[in-house]
2 protein chains.
Amino acid sequence: MTAAPSEPPLPSGPSPRTRRARGAAGARRPVYDASSLLAVAVQEFNARGYDATSMEDLSRAAGITKSSFYHHVSGKEELLRAALSRALDGLFGILEERAAQQGTALERLRHIIFRQVEVLSSELPYVTLLLRVRGNTETERWALARRRAFDASIASLVAEAVADGEVRAGVEPSLAARLLSGTVNSIIEWYRPGRPGSGSLPGEVVRMVSEGIIPPA
Amino acid sequence: MTAAPSEPPLPSGPSPRTRRARGAAGARRPVYDASSLLAVAVQEFNARGYDATSMEDLSRAAGITKSSFYHHVSGKEELLRAALSRALDGLFGILEERAAQQGTALERLRHIIFRQVEVLSSELPYVTLLLRVRGNTETERWALARRRAFDASIASLVAEAVADGEVRAGVEPSLAARLLSGTVNSIIEWYRPGRPGSGSLPGEVVRMVSEGIIPPA
DNA sequence: CCCGGGGAACCGAACGGTCGGTCGACGCGG
DNA sequence: CCGCGTCGACCGACCGTTCGGTTCCCCGGG
């Protein structure tokens, strides 16, 4: 089920305002634009959880008062929506890459996993937030639906690889797909950028899920 | 199981006045004991998230008022503590089993993974709650610390297996341990009891992480 | 047999506090 | 002097928790 992405529910609010610093060159204070405030908010959301993070927490982390914070953003849920949208765009972008659409099912699958790890790393805070959504509001349910669609496209790819006999016999497609996604997504629990990875994380992950840990007999 | 087997959490009936008959044998049994209330609470916590679940949500799910609910439990965080404790006891119990302490490192590792999947399944709601705590309160930080200790013991076992040459060459121990735990823990995201698993889930998981999905060359 | 004390279960109402969000005013650079 | 960014004060709603009081059942004394 590769459902076409629909419009996110936008209850009320103007279009995202791209605020710029005062003068072109002479900005004198840390002026906050929408994206930098979003980055701050997402970091706080991930540290404490969305529901446990108050708007006052966010404004304090940004260095301004709550009222000033509201001058730049339209509301708490809108921040969440923007963050989830960014994560989902990154993930769905993988599926549209050339290498994700040509070659054998196994080749495409390996490429998608490789790229998914890369996106998880580069968009870590946003994807982290996405993977913790519970579905309490309409925005969260929208994100959950999109995320399920992404997982479903991977699952169908796994099923195709199994049908083509490209993977080990006895592998149950839906179980393998779930464990695959779970393994990849679990990276957000411990990966932190800037830490000296011994090698290429995406390559290591692809190899681990492909060959397991047992030495070839 | 300590829950009373006779009575599932009754839905919000219009007349909660149906007082349950005291035990004929004289054993006085309240309508709700602590453990059945805990089960209801944990289910709600998992559905909405701990912070997003109000005490009124819990009491409504239990079929009584908020005040009555407080007659049985001491507070919200105490419910959380009891649930997390149950999950952690289940996990640490695995490490004390005989098969987890004798044999080669790889044998012990495979047994622990097998049993961990079993515990995840049998104590699903409690382990689910455990794997979602963020560390906002002292109780949550205590649970996080205990959970890290469990993961650490698995990581050291993986390192031992690598040092003994029991696993594929080139496997980085700490990365493998993290992916291993991530894969196993991700089961809570989709496993639901009662669904007809085609085979033994623990066995399938052990095989998948051991051999991967690639057919032997 | 009846009666009444005691306690568990339960409830409505309210507490102090925090939440997301709003509003009017002020300082200041253009 | 105009408007943007900032701010303190404030709002209604809801939070977890407490309290006073009522109902129901068991049980011992007459």
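Just so we're on the same page: letters track the sequence lines, and every chain starts at 1.
The distance between atom CZ of B:Phe69 and atom C1' of C:dG12, rounded to the nearest whole Å, is 18 Å. B:Tyr70 has its OH atom 17 Å from the P atom of C:dG12, to the nearest Å. Look at CD1 on B:Ile64: it is 16 Å from C1' on D:dT23, rounded to the nearest Å. With rounding to whole Å, B:His71 atom NE2 is found 16 Å from D:dT17 atom C1'. Whole-Å rounding puts the B:Arg60 CZ to D:dC14 P distance at 11 Å.
Among C:dG20, C:dC11, D:dT6, the nucleotide with an atom closest to any side-chain atom of A:His72 is D:dT6.
Here the side chains of B:Asn46 and B:Ile188 are not in contact, with every heavy-atom distance at 4.5 Å or above.
Listed by residue number, the members of residues 51-58 of chain B with any heavy atom below 4.0 angstrom from DNA chain D are B:Thr53, B:Ser54, B:Met55. For DNA chain D, the residues of residues 73-85 of chain B within the heavy-atom distance limit of 4.0 Å (strictly under) are B:Gly75, B:Lys76, sorted by number.
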Contacts under 3.5 Å, N or O only, protein and nucleotides 9-13 of chain D:
none

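Listed by chain and number, the residues in a side chain to side chain contact (heavy atoms under 4.5 Å, CB included) with A:Gln43 amount to none (sequence neighbours excluded). Under the side chain to side chain contact (heavy atoms under 4.5 Å, CB included) criterion, B:Ser210 pairs with A:Ile214, B:Arg110, B:Val206, not counting sequence neighbours.
Taking a cutoff of 4.0 Å between a charged side-chain nitrogen and a carboxylate oxygen, A:Glu138 and A:Arg141 qualify as a salt bridge. Comment: B:Glu78 engages B:Arg81 in a salt bridge, judged by a side-chain N to carboxylate O separation of less than 4.0 angstrom.
By the neighbour-count criterion of 12 heavy atoms within 6.0 Å, atom CZ of B:Arg98 is sparsely surrounded, having that number or fewer from other residues, nucleotides or ligands.
Counting only distance, with no hydrogens or angles, the side chain of A:Glu140 and the backbone of A:Arg134 share a donor-acceptor pair below 3.5 Å.
Note that A:Lys76 lies in the cation-pi zone of A:Tyr50, set by a 6.0 Å cut-off to the ring centre and a 45° limit from the axis.
Listed here is the closest heavy atom pair of A:Val42 and A:Ala83: CG2-CB, 3.4 Å.
Residue A:Thr65 has a polar side-chain atom (N or O) positioned under 4.0 Å from OP1 or OP2 of D:dC7. A sub-4.0 Å separation between OP1 or OP2 of C:dA9 and a side-chain N or O of B:Ser68 is absent.
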Apply the test salt bridge (Lys or Arg N to Asp or Glu O under 4.0 Å) to residues A:Arg146 and A:Asp89: give CA-CA distance (whole Å), side-chain angles for both, the deciding distance (0.1 Å), then the verdict.
CA-CA 10 Å; A:Arg146 287 253 283 161; A:Asp89 287 349; 3.3 Å; yes
Hey, can you pull the donor-acceptor pairs under 3.5 Å for the side chains in residues 147-160 of chain B, sequence neighbours left out?
unit_1: B:Ser153; atom_1: OG; unit_2: B:Phe150; atom_2: O; d: 2.7
unit_1: B:Ser156; atom_1: OG; unit_2: B:Ser153; atom_2: O; d: 2.9
unit_1: B:Glu160; atom_1: OE2; unit_2: B:Arg108; atom_2: NH2; d: 2.8

